[in-house]
Amino acid sequence: MTPDTICSDDDDVRPTRVEVDLDQLAQNLSAIRRHVGGAKVMAVVKANAYGHGIVPVARHLITCGADSLGVALLGEAVILRQAGITAPILVFGGIDEKQIPRFFKNDLTLTVPSLEKLRLIDTAAGAMGVKARIHLKIDTGMERIGIHYYSAEKLLEASLQCQHVEVEGIYSHFANADAEDLGHARLQLERFQDVITFYEKRSLPAPLRHIANSAGILQLPESHLDLVRPGILLYGVYPGTECARSIPVKPVLSWKSRVAYFKVVLPGHPVSYSSTWQSDHPVRVVTVPVGYGDGYFRALSNRAEVIIAGQRYPVIGRVCMDQIMVNLEQGSAYNGDDVILLGGDITAEEMANWAGTIPYEVLTNINTRVPRVYHHG
Ligand SMILES: *Cc1c(COP(=O)(O)O)cnc(C)c1O
């Protein structure tokens, strides 16, 4: 599907849809902003805005005062530019040399994790007659991308010599800021602060310094620095079960469908592939048009619940690619009744527990076959 259908606001496309509450999104952004005082807010909208739909979400966050956007991939940033979004966009991921001109053409900010990449970018910018806007990436304990904190000085030094780059920022990323024990996160912050003394020592103005993801924002106020990078918290979900809930946010997304079929299932007639479920008495069962082909995990088979008319009912048998079956027992439901898969009191956390994963994956896994519908309040 194209980005346009991802962001369809036509709620007749399919009875199965994701509803996104833009007012709640704005309230979450304000709550975060209040909590971080003067720090700038870079709204993280990678992975289709954590499943919420990248273009409408990014546009609304900018309208509501987010200072900039963060994405993982060049392609995500290009989608935002093509939609007419002009706010600064930082691409977090590692870059391929071939991609560099595209960054410049789209006025995007590059992450520079090594001397080698710095030189490639400086050379390419010189050749194209542009100034590359970059953020240096320091690895303080994640071992993903970034120059190690203990070798970072040479990257900072080299960046001062480059003619065709502007170092707008310098950043790092926490590996354990959601834990109850913040020892490792504090160590990472110390290492980062130590790297940044480079500028002070030379009486140079420091670029924008940032390290805090949602967990850092919630648990380590001293990590807010010049800018924070909330992702999951914007969407009203807390990063982990151990993490402090020091900012009141609420979920923005609900995932709904409608009853497509009703029947009575008799004893001795197992339900769905591999016949993993059967009843010893007649039960009322409805079929709902959602499945693992939409990102409703197959691991939810015989584990998840859904809400119909305010009542919770279990998903029975295997989740199929496009359909699930729900046991009403003696309850009642009619074709066309709303079915809440995620939302109400079914949280991304609860669904993650059923499926044996984390809320991040629950949200980002809802794929583009499911239309997104936007509303206020
Ligand atoms: C994904 C990401 C974030 C946001 O993380 P959350 O835990 O969702 O807040 C921030 N910074 C970087 C570099 C990221 O990759």
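Since the model is a prediction, treat every value here as computed from it, not as a measurement. Count residues from 1 along the sequence. Atoms within each ligand, like the ligands themselves, are counted from 1 in listed order.
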Between His135 and Glu168, is there a side-chain donor-acceptor contact under 3.5 Å, judged purely by atom types and distance? yes
Closest by any non-hydrogen atom to atom 9 (O) of ligand 1: pick that one out of Gly146, Pro230, Ser214. Ser214
Side chain to side chain donor-acceptor pair (under 3.5 Å) test vs Asp23 passes for just one of His375, His376, His60, namely His376
Row check, Tyr374 ring normal vs Arg372 NZ/CZ: under 6.0 Å, within 45°: no
Atom 7 (O) of ligand 1: closest protein heavy atom, distance to 0.1 Å, is Tyr360 OH, 2.6 Å
Under the side chain to side chain donor-acceptor pair (under 3.5 Å) test against Arg318, which residue among Ser275, Ser274, Ser301 passes? Ser274
Examine ligand 1 and decide if any of its atoms is less than 4.0 Å from a heavy atom belonging to Met42. no
Check ligand 1 against Tyr50 and write out every atom of the ligand that is under 4.0 Å from a heavy-atom position of the residue. 1 (C), 4 (C), 5 (O), 6 (P), 8 (O)
For ligand 1, the portion of Arg229 having any non-hydrogen atom under 4.0 Å away: both
Is ligand 1 under 4.0 Å from a heavy atom in the side chain of Met142, in the backbone, in both, or in neither? neither
Where ligand 1 meets Ile232 - atom numbers and elements under 4.0 angstrom, heavy-atom basis: 6 (P), 8 (O), 9 (O)
Atom indices of ligand 1 within 4.0 angstrom of Arg144 heavy atoms, with elements: 15 (O)
Please indicate whether any nitrogen or oxygen in Val44 is less than 3.5 Å from any nitrogen or oxygen in ligand 1. no
Check ion pair Glu200-Arg202 (N to O, under 4.0 angstrom): no
Near-ring test Tyr150/His148, centroid separation under 6.0 angstrom: yes
How far is atom 1 (C) of ligand 1 from the closest protein heavy atom, and which atom is that? Lys46 NZ, 1.4 Å
Determine, using ring centers only, whether Phe297 and Trp354 are less than 6.0 Å apart. no
